[in-house]
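As structure tokens, the structure follows; a few thoughts come after it.
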There are 2 protein chains.
Amino acid sequence: MNDKYDSLLLKNQLCFPLYAVSKEIISMYKPYLDPLGLTYTQYITMMVLWEHDNIMVKTLGERLFLDSGTLTPVLKKLEAHNYITRKRGTENERNVYINLTQVGLALKDKALEVPKQIAQCLDISPDDAKKLYKILYKILD
Amino acid sequence: MNDKYDSLLLKNQLCFPLYAVSKEIISMYKPYLDPLGLTYTQYITMMVLWEHDNIMVKTLGERLFLDSGTLTPVLKKLEAHNYITRKRGTENERNVYINLTQVGLALKDKALEVPKQIAQCLDISPDDAKKLYKILYKILD
DNA sequence: CTCACTATAATTGCATACAATCTAATTGTG
DNA sequence: CACAATTAGATTGTATGCAATTATAGTGAG
């Protein structure tokens with residue numbers, strides 16, 4: 001009923017459903033983010049900036065669990081869209097500060113619809129959502 | 001205490017911790033998969049094949065939630081490593097069947113260590129793990 | 001039987017992710 | 001002060017992921 005290879009069955013993995021659900025939910029964002037001209041990664045980047053403007057790339061990376069190798073190209077695209085600006089710090093030339101433009105700030109109001117739409121698509125009970133959230137942050141910390 | 005933009009706070013998202021935890025755990029696999037010459041995507045592909053050999057790319061894609069655009073390059077790499085073979089079906093030329101080589105099959109024994117090591121690194125209670133697993137599969141189905 | 005339709009992979013283009021390396025700036029130490 | 005060590009970003013290389021398109025092979029309605 002149980003052999004030595006059971007631990008290698010896909011259905012006995014915890015990481016795989018995490019990976020699959022993560023991708024599936026991110027793909028649900030696409031139709032709602034496309035009108036805003038944002039990808040999912042760009043969206044969560046904007047979310048951090050909407051909460052706290054004028055932050056360093058390093059801080060952004062810590063909040064999003066992303067390194068400069070990922071963030072630099074993302075930020076350059078957001079800058080090309082005129083949603084943000086990138087400026088070297090005067091006190092310390094190593095630091096790059098990200099700031100929202102008027103356009104980027106204005107996008108916040110349009111983005112309000114996104115979480116609403118996703119909540120409707122996502123078929124999960126409030127109880128499960130709460131449990132899931134808690135367990136995930138327990139792992140992250 | 002509560003403003004109209006609360007729904008856009010990173011900490012109020014359910015998808016973000018899913019995405020972050022998924023990435024963090026996948027990165028934990030790297031030191032254990034490197035000696036096997038596998039990436040995480042290649043590893044879960046091999047897991048499906050270890051469970052059921054001689055399956056079509058389409059079936060593999062359904063199990064892994066990946067499309068041919070992702071799988072074709074992954075499978076070509078596994079073929080280049082001599083872990084698998086790819087053969088067009090004789091009954092239906094559209095189908096491509098994937099089979100393990102002797103080397104690929106032998107890798108299964110070495111891979112047995114991987115889930116053991118990951119379980120040790122992953123600091124999560126059995127109860128939380130069970131809850132998490134159930135909720136994730138509820139979403140996937 | 002034929003031709004539109006469908007199905008399966010492969011290909012192409014774009015956007016991440018991350019390891020490793022590099023550059024420039026800053027800091028700590030003797 | 002001099003200089004090794006550290007830090008912040010950028011760059012490079014490799015490997016996904018996914019949408020859209022293409023190529024080829026089967027299928028089915030008339």
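Convention: sequence-line order gives letters A, B, ...; per-chain numbering from 1. Just so you know, these numbers use all the heavy atoms, side chains as well, and skip hydrogens, waters and symmetry mates.
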Margin query: As a quick check of understanding, evaluate side-chain contact (heavy atoms from CB on, under 4.5 Å) for A/Val74 and A/Leu66, giving each step before the final call.
Written below: CA-CA 11 Å; A/Val74 167; A/Leu66 293 173; over 6 Å; no

Margin query: Is the positively charged end of A/Lys108 above the ring of B/Tyr5, judged by distance under 6.0 angstrom from the centroid and angle within 45° of the axis?
Written below: yes

Item checked: Whole angstrom value for the distance that separates C1' of D/dT16 from CG of B/Leu78 -> 13 Å

Note to self: Heavy-atom nearest nucleotide on DNA chain C for B/Met56 versus A/Ile26: which residue maps closer to 5'?
What the structure shows: B/Met56

Next item on the list: Would you kindly give the OH-to-C1' distance between A/Tyr29 and C/dA15, to the nearest whole Å?
Entry: 18 Å

Could you pull out the protein-nucleic contacts involving nucleotides 18-27 of chain D (nitrogen or oxygen on both sides, under 3.5 Å)?
residue: D/dG26; atom: OP1; partner: B/Glu93; partner atom: N; Å: 2.8

Margin query: So, OP1 or OP2 of C/dA17: does either fall under 4.0 Å of a side-chain N or O from B/Tyr40?
Written below: no

Check: Is any side-chain nitrogen or oxygen of B/Lys77 closer than 4.0 Å to OP1 or OP2 of D/dT16?
Finding: yes

Checklist line | Atom-to-atom span, CG of A/Leu60 to C1' of D/dG9 - whole angstrom | finding: 13 Å

Next item on the list: Give a yes/no on whether any side-chain N or O of A/Thr41 is located under 4.0 angstrom from OP1 or OP2 of C/dA15.
Entry: no

Check: Given the rule in the side-chain contact (heavy atoms from CB on, under 4.5 Å) test, do A/Met28 and A/Tyr40 qualify, once you have shown the distances and angles that lead to the verdict?
Finding: CA-CA 10 Å; A/Met28 289 175 40; A/Tyr40 181 73; over 6 Å; no

Item checked: Length of the line joining B/Glu79:CD and C/dA9:P, which is rounded to integer Å -> 14 Å

Margin query: Could you tell me how far apart A/Glu62 (CD) and D/dT7 (P) are, to the nearest whole angstrom?
Written below: 12 Å

Note to self: Tell me the interatomic distance from B/Ile98, atom CD1, to C/dT8, atom P, rounded to whole angstroms.
What the structure shows: 15 Å

Check: What nucleic acid atoms does B/Tyr97 come within less than 4.0 Å of, heavy atoms only: base, sugar-phosphate, or nothing?
Finding: nothing

Check: Among D/dG9, D/dA15, C/dA9, which is the nearest nucleotide to the side chain of B/Arg88?
Finding: C/dA9

Check: Below 4.5 Å, heavy atoms only, C-beta onward: do A/Leu107 and A/Val103 meet side chain to side chain?
Finding: no

Check: Does A/Thr39 place a side-chain N or O at less than 4.0 Å from the phosphate oxygens OP1/OP2 of C/dT16?
Finding: yes

Next item on the list: Hey, which sits more toward the 5' end of DNA chain C by its nearest nucleotide, A/Pro73 or B/Lys76?
Entry: B/Lys76

Note to self: Parallel, tilted or perpendicular: which one describes the rings of A/Phe16 and B/Phe65, with boundaries at 30° and 60°?
What the structure shows: tilted

Next item on the list: Take the angle between the ring planes of B/Tyr83 and B/His81 and call it parallel below 30°, perpendicular above 60°, tilted in between.
Entry: perpendicular

Return a table of donor-acceptor pairs under 3.5 angstrom between the side chains of residues 29-39 of chain A and protein atoms on other chains or two or more places apart.
residue: A/Lys30; atom: NZ; partner: A/Asp34; partner atom: OD1; Å: 3.3
residue: A/Lys30; atom: NZ; partner: A/Asp34; partner atom: OD2; Å: 3.1
residue: A/Thr39; atom: OG1; partner: A/Gln42; partner atom: N; Å: 3.2

